[in-house]
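Keep in mind the model is a prediction, meaning the values are calculated, not measured. Below, each value reflects all heavy atoms present in this structure, side chains not excepted, and no hydrogens, waters or symmetry copies.
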Amino acid sequence: MSLRSTVLSSLALVAAFAAGITAVKVAERRGDFAEPAAAVGPADLGQARRAGGAPAGALPDFSAVAEIAIKGSVNISSTQNVAVSAPMYELMYGRQLVQPSTSLGSGVFVSEDGYVLTNSHVVQDRNADIKVTMPDNRELTAKVVGIDPYTDLAVLKTTATGVTPIPWGDSSTLRAAEWVLAVGNPFEFNQTVTLGIVSSPNRHDPDLAAYNDFIQTDAAINPGNSGGALVNGRGELVGINTMIASNTGGYQGIGFAIPSNLARQVMADLIKNGEVVRGSIGNLMVQTNNAALASRFRLGTQSGVVVRNMSRSDSAYMNGRGILPGDVIVRFNGTEITEQSQLRRLIAAAKIGSTATVDVIRGGEKRTFQIPIVRQAYGR
């Protein structure tokens, strides 16, 4: 197995481990909460922005940026009851033995009235007992508003008021080698700030995630950093730190953060609906086109994804009059398809109840279908 395969195959484990020490672009929509940028004083933010704009060749002073980021960051403790293997107990009492399991992570205040954004693998369970530790060491209880395991995001609601949320940044403007800071609670060292650069502003890979791309950074991210803030040199929230690629489980200079534009949209859905509402055309199994598939399906240089398997109940099937296994999807609503995760994101972003125009190649010939967009069942 190649080193890349070894590293990628361990990402899910690393993401879970990163929850703590004791346990293992759709259109932007705004929520009904206060705009976080207003919570930061103009003088403070101006100072932070000036600090991030040092002359070329000089290492900038990010102390003002860090102070703002720390004020908007929290530590999170999530305790769940988990079933443990105890066959004799089950035989004697007819029920499972459960014991508490606690995971630790980080979070970010995103509104003045106490909403916190973090990773779903930090929270783990909608019924978890959540404790949030403030920058001044006050400990508050929090309610789980919603969890989206597909993007590894979760929203909590605390009773805190008058907090200082980190102002939102536009993650789409990030550039490679731009300075960023990661703030969090690695190994229970709270309010830890690490400095690095954006290694890649738009890292996408089917092995990483189905519905989102990532910001890759070399700012040190370790177990406990999950759910914490990635901020730019102007003190703006540009990402939520979520996992690392590592052979050891610790920092090796390859960390990943969920872009703030996506996080903001997912957060708005979770606050409004308690879940993320996504479009679907069925539970299709697809594979990105490669040289072997291109030869087999007579695609030439045409990009696309091959439908390997599907169900008769899928809306795309249309009682045999729609898409079929072996079809190569080349366009979705006018967008050329290049790989499978891109197609999943386009389908998910499509409006439920609308009709999507899907171009496929079947037997070397192009066909176009009008496919109804239905609501994706949560958990699929």
Side-chain angles (χ1 to χ4, degrees), residues 14-24 33 36 66 69-82 100-149 151-161 163-166 181-194 219-231 237 239-244 249 255-258 260 263-264 266-267 270-271 274:
V14 173
F17 177 56
I21 310 305
T22 58
V24 105
F33 39 84
I70 288 173
K71 290 178 182 178
S73 299
V74 297
N75 302 333
I76 296 174
S77 169
S78 173
T79 302
Q80 317 88 33
N81 288 322
V82 298
S101 175
T102 300
S103 59
L104 305 176
S106 308
V108 183
F109 275 121
V110 290
S111 71
E112 292 181 338
D113 55 350
Y115 280 103
V116 172
L117 187 60
T118 185
N119 285 146
S120 68
H121 77 259
V122 171
V123 176
Q124 296 193 24
D125 192 315
R126 288 174 176 266
N127 299 315
D129 180 18
I130 307 294
K131 303 293 184 184
V132 171
T133 303
M134 304 277 285
D136 59 6
N137 291 322
R138 284 182 296 150
E139 185 176 271
L140 303 174
T141 59
K143 180 182 72 171
V144 179
V145 175
I147 297 175
D148 182 47
T151 54
D152 197 15
L153 289 168
V155 176
L156 309 175
K157 180 66 170 68
T158 70
T159 57
T161 57
V163 299
T164 306
I166 303 176
L181 286 77
V183 185
N185 183 37
F187 300 110
E188 298 188 74
F189 291 103
N190 62 351
Q191 300 177 10
T192 293
V193 180
T194 55
I221 296 175
N222 282 293
N225 269 117
S226 288
L230 187 74
V231 300
L237 181 66
I240 299 296
N241 302 317
T242 188
M243 64 181 176
I244 55 179
F256 299 95
I258 300 164
S260 60
R264 194 173 188 179
V266 170
M267 178 188 66
L270 291 177
I271 291 175

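Interatomic distance, Ser78 OG to Asn119 CG, rounded to the nearest 0.5 Å: 12.0 Å. Remark: Ile221 CD1 to Met243 CE distance equals 10.0 Å, nearest 0.5 Å. Here the CZ-CG distance, from Arg264 to Leu117, works out to 11.5 Å after rounding to the nearest 0.5 Å. One distance of note links CE of Met134 with CG of Asn75; it measures 11.0 Å at 0.5 Å rounding.
Residues Thr118 and Val74 have side chains not in contact (no heavy-atom distance under 4.5 Å, counting atoms from C-beta outward). Within the 4.5 Å cutoff, the side chain of Ser77 has no heavy atoms near those of the Thr133 side chain. Two residues are said to be in side-chain contact when any heavy atoms from C-beta on lie closer than 4.5 Å; Leu140 and Lys131 fail this criterion. Between Leu153 and Met267, every side-chain heavy-atom pair lies at or beyond the 4.5 Å cut-off. Contact annotation: the side chain of Ile166 approaches that of Ser73 to within less than 4.5 Å [non-hydrogen atoms, C-beta and beyond].
Heavy atoms only, all atoms of each residue included: Ala182 and Ala220 are closest at CB-O, 4.2 Å. Of all heavy-atom pairs spanning Val163 and Gly114, the tightest one is CG2-N, 4.4 Å. Contact record, Ile147 with Ser120: CG2-CB, 3.3 Å, taken as the closest heavy-atom pair. Across all their heavy atoms, Ser111 and Pro165 have their closest contact at N-CB, 3.7 Å. Nearest heavy-atom pair, Gln80 versus Ser103, reported as atom, atom and distance to 0.1 Å: NE2-OG, 3.8 Å. Ala257 and Leu230 make their closest contact through CB-CD2, 3.8 Å (heavy atoms, listed as atom of the first residue, atom of the second, distance).
With sequence neighbours left out, the side chain to side chain contact (heavy atoms under 4.5 Å, CB included) criterion links Thr192 to Pro186, Phe189, Thr194. With sequence neighbours left out, Ala142 forms a side chain to side chain contact (heavy atoms under 4.5 Å, CB included) with Ile130, Val132, Leu156, Thr158.
Judged purely by atom type and a 3.5 angstrom limit, Ser106 has no side-chain atom pairing as donor or acceptor with the backbone of Gly227. Put simply, the side chain of Asn241 gets close to the backbone of Ala229: a donor and an acceptor are under 3.5 Å apart. Counting only distance, with no hydrogens or angles, the side chain of Lys157 and the backbone of Asp113 share a donor-acceptor pair below 3.5 Å. Side chain of Asp152 to main chain of His121: a donor-acceptor pair is present (N/O by atom type, distance under 3.5 Å, no hydrogens or angles).
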